[in-house]
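Each remark here refers to the structure printed beneath this line.
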Amino acid sequence: MIKNIPSRLVLTGLLLGVATTAARAQAPDPIKFGKIDEKDLSEANFVADSAAEAVVLCDYGRSRFEVGSDDFKVVFERVARIKILKKSGYDHATISVPLYHKNGKEEKLTNLRGLTYNVVNGQVVKDKLEGDAIFKEESGPNWTVRKFTLPNVRKGSVIEFTYTVNSDFIFNFQDWTFQSDIPVRWSEYRASIPEYFDYKMLLQGYEPLAVQERTEGMGQYSVRWAPTITPGLNGGRESGGSASLTPRVTNYRWAMKDVVPLREEPYMTTTADYVSHIDFELAGITWPGQPYKSVIDSWEKINSELIQDENFGGQLSKGSFLKAEMATLKTKYPDPAARAAAVHQFVRQAVKYNGRAGVYSSVPIRRVYEQKTGTAADVNLLLIALLREAGLTAHPVLLSTRDHGRANEMLPLLSNFNYVVGMVTLGENQELYVDATEELAPCGMLPYRCLNGQGRLVTAKDADARWVPLASASKRQQMYRQIQLVLDEKGGLTGTVRQEYGGYRALSQRDRLRTLGEKKYIEELLADHDGWSIPKYTFQQRDALHQPLLLEYEFTSAGAEAPASTLYINPMRQFGMDKNPFLHEDRRFPVDFGALLDETVIMNITVPTGYELEETPKSGIVDLPNGGGRFLYSVQPTPGKIQITSRLNLLKPVYSAEEYVYLREFFNQLLTKQGEQLVLKKKS
């Protein structure tokens, strides 16, 4: 390595040369733009993928460093080829390329080319991407999206495209996603990184790598610098010069083969948590002759900056404009838990959440109170400030919502988070999470969107900041049904139902009830029960948020036109689960319920005089391994009556992919038992 490079070059990176030659991986490129295998144009080659709407034949990317006009830059090249199998797959012919820009600099898209291949009258016809099919959209304060749509796409088409992104932002090294929502035959990414740049590489997902290689080589970067004027009494001119840098270059190669689509499934967070991809984060830089310089933040630094930021920590001490109101609550509620609930109710009723997440306040908290609306950060920073004004110990907690993805505890990045809630210390080892964005959630219940792994506690002392589990005081989704039925000789049913919704089930049903109104709510209930009528119903405890929501109603269901000597009924089909939420035989990522699940149905049936069960179904208990849950089912006949009990308990909020097969079978057996038919015969 050249040792006598001027210090101004080392420290500022004012490089004027552009000649670059870096060591490259030896494997041939897996795809060449414009050189298609004509077998990919025939349908016979895609019998195995007939269920898919399209198939990624090959997706190949490569990132390397060059010397730009004033510093190193990253050059990313991509070539991709996709087969369209169905009309529903036409959307895959529209490609989006995000480009970053800041402080007058911007990433540039160059060398964009595209082709669509079709077979017409036995001949391969190519249609080129034209300039009028390329669009530009703004996406946030620092991002522009360039979109293009390949022409003349039809069922059976093969599309391919290639482009280059030139970036002056070395921190924004291109990530790579191997997996898609359609099958991927081959996906490959290569990166050549000089020793000057230290990147943390995070490989995520559940699909295996077909190739993982790392080789060392030498790069050569020819640079020169311009003459400069040295300030002084008479001034002075220092001549320009040139140098050749020969750093060690590490060449990486990753590839996946026959990658299955990532499908949306029940009880999952965002697909970004599970898709197979590799991320790059710049951790540090070592220029020639200089010590290592860390560029990544530490959690302590992030904590300190947040506390000092006027739009975060600066708002936490500005609750004095409501000093009199908080003093009243402090006197009225000497118990800390009751006082926290009173402050929570005060904020919840005073300010409405506008649906926008965020970490920093958009306006001062006093204006939030005056405007009576705000973002999650506005509402909850106001809440924390008023809790402090009321004499309670309260701190912010950063988190990432379920649709934003899990926060990575290994990488200190503020971008991990998109939401803030509060934590109140009530006593030794007693802490309460608070969030005032949900008008119908009691104090201590985090919104369901917040139940996502760990959060980061932010405190005035950096040493006290830490990761905390996002455990809500209301940890369950609860439902309890008590049903009284009378069966007549025609198979008709009349009865009364008492439904209690607790925990997160109560929150969701209260929200639904407020949105629909009582009449529409009951109409939708009837729509799920063919042949029912509900002549009378009442809702109770709608506003008692710490109590279950109660719904009591009467219903009738007509039977046959004439009495029958044998009656067949499936009463649990009306009150139990209608299908298994887990349809697929396997699952490669966890099942995340967010909260524990508890459902109980107790049904008492009065049977017609002279009828009795032909055969009593067997009771059953199904247990998940390692105490993960239990399902209990029993049918108990007595003279003139039958009692059915069904109890479902899931005792973990998250089940691993390895537990999925047991969970799926657990629900299969539950549905089998709840679907058992009762046969009643009239005694001769």
Side-chain angles (χ1 to χ4, degrees), residues 28-61 78-96 114-127 129 148-163 176-189 204-212 254-266 268 271-272 274-278 582-589 657 660-661 664:
D29 292 348
I31 184 175
K32 298 287 186 183
F33 181 79
K35 295 184 178 180
I36 188 173
D37 185 344
E38 292 192 13
K39 289 189 301 183
D40 289 334
L41 290 167
S42 71
E43 294 185 11
N45 207 29
F46 294 89
V47 174
D49 301 301
S50 59
E53 62 185 22
V55 177
V56 176
L57 303 177
C58 186
D59 197 359
Y60 171 51
R78 183 185 179 194
V79 185
R81 187 174 295 151
I82 301 171
K83 173 76 171 182
I84 306 298
L85 299 178
K86 298 179 180 179
K87 189 175 181 179
S88 58
Y90 288 3
D91 287 346
H92 295 281
T94 298
I95 312 300
S96 298
L115 288 172
T116 300
Y117 298 86
N118 288 301
V119 176
V120 180
N121 297 324
Q123 300 295 316
V124 178
V125 178
K126 301 179 185 179
D127 291 285
L129 173 68
F148 55 92
T149 301
L150 279 301
N152 200 18
V153 174
R154 63 187 71 169
K155 180 181 176 182
S157 296
V158 171
I159 60 172
E160 69 173 355
F161 56 88
T162 183
Y163 60 82
W176 186 257
T177 300
F178 298 94
Q179 195 172 22
S180 177
D181 58 350
I182 56 176
V184 177
R185 294 285 182 88
W186 187 265
S187 180
E188 180 172 334
Y189 188 49
Q204 173 192 282
Y206 298 86
E207 301 302 317
L209 285 165
V211 176
Q212 185 174 19
W254 303 273
M256 289 188 181
K257 180 181 180 181
D258 296 330
V259 187
V260 299
L262 181 64
R263 59 192 178 226
E264 290 277 353
E265 296 199 34
M268 65 186 293
T271 54
Y274 311 114
V275 67
S276 293
H277 73 285
I278 187 167
F582 307 112
L583 301 177
H584 302 287
E585 292 187 3
D586 63 346
R587 179 160 164 156
R588 303 193 183 202
F589 46 85
Y660 174 78
V661 63
R664 182 171 183 263

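By convention here, the first residue in the shown sequence is residue 1. Every value quoted in this text rests on a predicted model; they were computed, and no experiment measured them.
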- [ ] Check E207 against V260 and note the closest heavy-atom contact, atom names and distance.
- [x] OE2-CG2, 3.5 Å

TODO: Heavy atoms only: give me the nearest A51-K86 pair and the separation to one decimal.
DONE: O-NZ, 3.3 Å

Task: Steps toward side-chain contact (heavy atoms from CB on, under 4.5 Å) verdict (H584, R263) - done: CA-CA 10 Å; H584 302 287; R263 59 192 178 226; 3.3 Å; yes

- [ ] With rounding to the nearest 0.5 Å, note down the distance linking CD1 in I159 to OH in Y90.
- [x] 11.5 Å

Open item on the list: Can you give me the closest heavy-atom contact between P261 and P183, atom names plus distance?
Closed with: CG-N, 3.6 Å

TODO: Drop me the distance from I278's CD1 to W254's CH2, to the nearest 0.5 angstrom.
DONE: 4.0 Å

Task: V211: side-chain contact (heavy atoms from CB on, under 4.5 Å) partners, not counting sequence neighbours - done: W186, E213, R253, A255

- [ ] Please test F148 against L129 for side-chain contact (heavy atoms from CB on, under 4.5 Å), starting from the C-alpha separation and ending with a verdict.
- [x] CA-CA 8 Å; F148 55 92; L129 173 68; 3.9 Å; yes

- [ ] Classify the ring geometry between Y206 and Y274 as parallel (under 30°), tilted (30 to 60°) or perpendicular (over 60°).
- [x] tilted

Open item on the list: Closer than 3.5 angstrom, by distance alone: can the side chain of S187 be matched with the main-chain N or O of M256 as a donor-acceptor pair?
Closed with: no

Side chains of residues 31-44: which donor-acceptor pairs under 3.5 Å do they make with residues two or more places apart or in other chains?
| from | atom 1 | to | atom 2 | distance (Å) |
| --- | --- | --- | --- | --- |
| D37 | OD1 | K39 | N | 3.1 |
| D40 | OD1 | N45 | ND2 | 3.2 |
| S42 | OG | K39 | O | 2.9 |

Task: Min side-chain heavy-atom separation V275-Q204 under 4.5 Å - done: yes

Open item on the list: Could you measure the distance from the CG atom of D59 to the CZ atom of R81? Nearest 0.5 Å is fine.
Closed with: 11.5 Å

Task: Distance in Å, Y189 OH paired with T177 OG1, rounded so as to fall on 0.5 Å steps - done: 10.5 Å

Open item on the list: Working to the nearest 0.5 angstrom, can you tell me the gap between K155 NZ and N118 CG?
Closed with: 13.5 Å

Task: R185 side chain near D258 side chain, heavy-atom distance below 4.5 Å - done: yes

- [ ] Report the distance from atom CG of N152 to atom CG of L115, rounding to the nearest 0.5 Å.
- [x] 12.0 Å

Open item on the list: Does the plane of the ring in F178 sit parallel, tilted or perpendicular to the ring in W176? Use 30° and 60° as the thresholds.
Closed with: perpendicular

- [ ] Please name the pair of heavy atoms, one in H92 and one in A54, separated by the smallest distance, quoted to 0.1 Å.
- [x] CD2-CB, 3.9 Å

Open item on the list: Looking at every non-hydrogen atom in both residues, tell me the closest pair between V55 and I182 and how far apart they are.
Closed with: N-CD1, 4.0 Å

Task: Test item: K83 side-chain N/O and S157 main-chain N/O as donor-acceptor pair under 3.5 Å - done: no

Task: Any residue meeting side-chain contact (heavy atoms from CB on, under 4.5 Å) with T271, in chain and number order, not counting sequence neighbours - done: L262, E264, M268

TODO: Walk me through it: do E265 and F582 pass the test side-chain contact (heavy atoms from CB on, under 4.5 Å)?
DONE: CA-CA 8 Å; E265 296 199 34; F582 307 112; 5.7 Å; no

